[in-house]
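Please read the structure below before turning to the comments.
Worth saying up front: this structure is predicted, and the values here are computed from it rather than measured.
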Amino acid sequence: MRVIIARFPFDLTKADVTASMSGVKPEQAVGDFVTIGRRRYPAKQVGQVVTRQDRRDFSSAEVVRAMTRLGFTCGTAPAPPGPEEGASAESS
């Protein structure tokens with residue numbers, strides 16, 4: 001299927017993406033993520049591996065849109081608690 005990421009067309013299949021991501025350790029998913037197999041990858045990490053482009057060249061929304069079209073489950077991970085939130089929880 002042809003998808004557009006960073007204004008460039010890519011002919012990808014779900015199997016191509018799965019093969020590209022096999023053996024890649026997922027970074028901590030904060031924000032948009034793509035579920036490949038049993039792992040959650042940050043959308044920007046998937047985009048970088050699949051397109052071989054710098055992460056600054058595309059948005060996570062572009063990757064999520066493309067991966068959704070290919071049949072992957074995508075979502076948004078909650079941000080981890082910041083130091084302010086952790087401090088107020090400890091003092092309670």
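A distance of 5.0 Å separates OG1 in T51 from CZ in F10, rounded to the nearest 0.5 Å. To the nearest 0.5 Å, atoms CE (M1) and CG (D11) are separated by 10.5 Å. Atom-to-atom distance recorded for D32:CG and E62:CD is 11.5 Å, nearest 0.5 angstrom. Here the CZ-CD1 distance, from R65 to I5, works out to 9.5 Å after rounding to the nearest 0.5 Å. One finds the CZ atom of R39 at 9.5 Å from the OG atom of S22 (value rounded to the nearest 0.5 Å). One finds the OG1 atom of T18 at 3.5 Å from the CZ atom of F72 (value rounded to the nearest 0.5 Å).
Under the 4.5 Å side-chain heavy-atom criterion for grouping Ile, Leu, Val, Met, Phe, Trp and Tyr, L70 is connected to V49 within one hydrophobic cluster.
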Considering only distance and modelled atom types, tabulate donor-acceptor pairs under 3.5 Å from the side chains of residues 40-47, sequence neighbours left out.
from : atom 1 : to  : atom 2 : distance (Å)
Y41  : OH     : M21 : O      : 3.3
Y41  : OH     : V24 : O      : 2.9
K44  : NZ     : R55 : O      : 2.6
K44  : NZ     : F58 : O      : 2.4
Q45  : OE1    : E27 : N      : 3.0
Q45  : NE2    : K25 : O      : 3.0

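Shortest non-hydrogen contact noted between L12 and V50 is CD1-CG1, 3.4 Å.
By the 4.5 Å heavy-atom criterion applied to side chains, I36 and V17 are counted as neighbours.
Side-chain atoms of K14 come within 3.5 Å of backbone N or O of G71 as a donor-acceptor pair.
The side-chain hydrogen bond (donor to acceptor under 3.5 Å, both in side chains) search around T73 returns none, not counting sequence neighbours.
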